[in-house]
Amino acid sequence: MATVKLENICKIYDGGVKAVDNVNIDIEDREFVVLVGPSGCGKSTTLRMVAGLEDISSGTLTIDGKVVNDVPPKDRDIAMVFQNYALYPHMTVYDNMAFGLKIRKFDKQEIDRRVREAAKILDIEQLLERKPKALSGGQRQRVAVGRAIVRQPKVFLFDEPLSNLDAKLRVQMRAEISGLHHRLKATMIYVTHDQVEALTMADKIVVMKLGVIQQIGGPLELYNNP
Ligand code: ADP
Ligand code: ADP
């Protein structure tokens, strides 16, 4: 179970930019929610607050009924996939995927089991000994997703994960991430500026503009009432 609730969430950066202005979103267990809107509208800031990577200026963030405003990122049951993949260049694919479990003191056998299982799901078993620079863009993206999967979090966050891929790969990875959503039965929050991505992947779409929510609804609803 993982519900995520954002209540009256605001973010004012140092210097006074109001990046997120009184955002309210109710995310159900296992829902796939897409935050969409033009560059600078506050999508990424919203996601980073859910991850705990950015302080919340005001409002209440609740995960599974528990207020987590002051819970540090590593103690939230959340894993995030970044746009630039954020892989450690000096580590192998295996060690990149294992790292988040190592720092959480999982034992070696459990780490090995989870890394190999995730590698199998993502079809990157043959790449485990490579370093990131010896991977294609699409392969790096898979490793970044794998690093999130091994944590077995209740909530996955994706920050424009496909925007560095070419069009064909992007369409393929959309389908794969949707497939993972069904397979892992997790709650997912996905940020993109791509409306087609939002319409094809989301259970629920949140449209943002200048830090404010403009619309919330299912893909069909928003497609018919743009
Ligand atoms: P999006 O993800 O929709 O592109 P962001 O959340 O990155 O939007 O940015 C929202 C607003 O906050 C923008 O005006 C951006 O310039 C500003 N902003 C983002 N990060 C910072 C920061 N670290 N310091 C100050 N302003 C920021
Ligand atoms: P693309 O352009 O399709 O993203 P690349 O041309 O970078 O992919 O890579 C094509 C294939 O070659 C991939 O399977 C990738 O893993 C492999 N590869 C790329 N660079 C190296 C390298 N330095 N060492 C080993 N394999 C590599």
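Quick caveat: nothing in here was measured; it's all calculated off a predicted structure.
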Side chain of [X], backbone of [Y]: donor and acceptor closer than 3.5 Å?
{"X": "Asp21", "Y": "Val212", "value": "no"}
{"X": "Arg140", "Y": "Pro132", "value": "yes"}
{"X": "Ser57", "Y": "Ile12", "value": "yes"}
{"X": "Asn8", "Y": "Gly59", "value": "no"}
{"X": "Lys43", "Y": "Gly37", "value": "yes"}
{"X": "His181", "Y": "Arg30", "value": "yes"}

Neighbour count >12 (heavy atoms, 6.0 Å) for atom [atom1], [X]:
{"X": "Gln195", "atom1": "CD", "value": "no"}
{"X": "Gln126", "atom1": "CD", "value": "yes"}
{"X": "Leu53", "atom1": "CG", "value": "yes"}
{"X": "Leu220", "atom1": "CG", "value": "no"}

Among Asp107, Asp95, Asp112, the one residue meeting salt bridge (charged side-chain N to carboxylate O under 4.0 Å, His left out) with Lys102: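 Single salt bridge (charged side-chain N to carboxylate O under 4.0 Å, His left out) partner of Lys102 among Asp107, Asp95, Asp112: Asp95.
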
Less than 4.5 Å apart, side chain to side chain, heavy atoms only: is that true for [X] and [Y]?
{"X": "Leu6", "Y": "Thr46", "answer": "yes"}
{"X": "Glu110", "Y": "Arg113", "answer": "yes"}
{"X": "Leu61", "Y": "Val4", "answer": "yes"}
{"X": "Glu28", "Y": "Asp203", "answer": "no"}
{"X": "Met188", "Y": "Met201", "answer": "no"}
{"X": "Gln141", "Y": "Pro161", "answer": "yes"}
{"X": "Ile189", "Y": "Leu35", "answer": "yes"}
{"X": "Val206", "Y": "Met208", "answer": "yes"}

When you measure from the centre of the six-membered ring of Phe82, is the NZ or CZ of Arg147 under 6.0 Å away and within 45° of the axis?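 No, a cation-pi geometry is absent between Arg147 and Phe82.
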
What is the minimum heavy-atom distance between [X] and [Y], and which atoms define it?
{"X": "Leu122", "Y": "Arg142", "result": "O-NH1, 2.9 Å"}
{"X": "Ile78", "Y": "Arg151", "result": "O-NH2, 3.0 Å"}
{"X": "Met97", "Y": "Ala118", "result": "CE-CB, 3.7 Å"}
{"X": "Asn96", "Y": "Val143", "result": "CB-CG1, 4.3 Å"}
{"X": "Asn164", "Y": "Gln83", "result": "ND2-O, 3.2 Å"}
{"X": "Leu128", "Y": "Ala119", "result": "CD2-CB, 4.0 Å"}

Apply the side chain to side chain contact (heavy atoms under 4.5 Å, CB included) test between Glu160 and each candidate in Asp194, Val191, Val81, Leu47; give the one that qualifies.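 Going through the options one by one, the only one that passes is Val191.
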
Taking only residues two or more places apart in sequence, or in another chain, which ones meet Glu197 in a side chain to side chain donor-acceptor pair (under 3.5 Å)?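 Scan of Glu197 (side chain to side chain donor-acceptor pair (under 3.5 Å), adjacent residues dropped) gives Tyr190, Thr192.
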
Using the test side chain to side chain donor-acceptor pair (under 3.5 Å), find all partners of Asn84 that sit at least two apart in sequence or belong to another chain.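 Not a single residue meets the side chain to side chain donor-acceptor pair (under 3.5 Å) criterion with Asn84.
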
Path from [X] to [Y] over hydrophobic side-chain contacts below 4.5 Å:
{"X": "Ile216", "Y": "Phe32", "value": "no"}
{"X": "Ile149", "Y": "Leu162", "value": "yes"}
{"X": "Ile121", "Y": "Leu101", "value": "yes"}
{"X": "Val23", "Y": "Val50", "value": "yes"}
{"X": "Val207", "Y": "Val20", "value": "no"}

Chi angles and distances behind the side chain to side chain contact (heavy atoms under 4.5 Å, CB included) call for Leu222, Gln215: CA-CA 8 Å; Leu222 294 197; Gln215 271 183 305; 3.7 Å; yes

[atom1] of [X] to [atom2] of [Y]: how many Å apart, nearest 0.5 Å?
{"X": "Phe99", "Y": "Arg104", "atom1": "CZ", "atom2": "CZ", "value": "9.5 Å"}
{"X": "Leu87", "Y": "Lys133", "atom1": "CG", "atom2": "NZ", "value": "13.0 Å"}
{"X": "Glu31", "Y": "Thr187", "atom1": "CD", "atom2": "OG1", "value": "8.0 Å"}
{"X": "Lys168", "Y": "Met173", "atom1": "NZ", "atom2": "CE", "value": "14.0 Å"}

Got a sec, which pairs hit salt bridge (Lys or Arg N to Asp or Glu O under 4.0 Å) with one end in residues 50-61, sequence neighbours left out?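 Output for this query lists Lys11-Glu54, Arg48-Glu54.
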
Test side chain to side chain contact (heavy atoms under 4.5 Å, CB included) on Ile213 and Ile25; report intermediate values, then the result. CA-CA 9 Å; Ile213 293 181; Ile25 312 173; 3.7 Å; yes

Residues in side-chain contact (heavy atoms from CB on, under 4.5 Å) with Val71, at least two apart?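 With neighbours one apart ignored, the set is Lys66, Val68, Asp75, Arg76.
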
For residues 152-159, tabulate all N or O donor-acceptor pairs below 3.5 Å that involve a side-chain atom, not counting sequence neighbours.
| residue | atom | partner | partner atom | Å |
| --- | --- | --- | --- | --- |
| Gln152 | OE1 | Arg114 | NH2 | 3.4 |
| Lys154 | NZ | Asp64 | OD2 | 3.2 |
| Asp159 | OD2 | Ser44 | OG | 2.9 |

Mind jotting down which residue pairs meet the ring pair (Phe, Tyr, Trp, His ring centres under 6.0 Å) criterion with at least one end in residues 100-139? Sequence neighbours excluded, please.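 Qualifying pairs, neighbours excluded: none.
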
Evaluate Ile9 against Ile56 for side chain to side chain contact (heavy atoms under 4.5 Å, CB included), listing each step before the verdict. CA-CA 7 Å; Ile9 295 284; Ile56 295 169; 4.0 Å; yes

Worked verdict on Ile124 versus Leu135 for side chain to side chain contact (heavy atoms under 4.5 Å, CB included): CA-CA 10 Å; Ile124 52 173; Leu135 302 175; over 6 Å; no

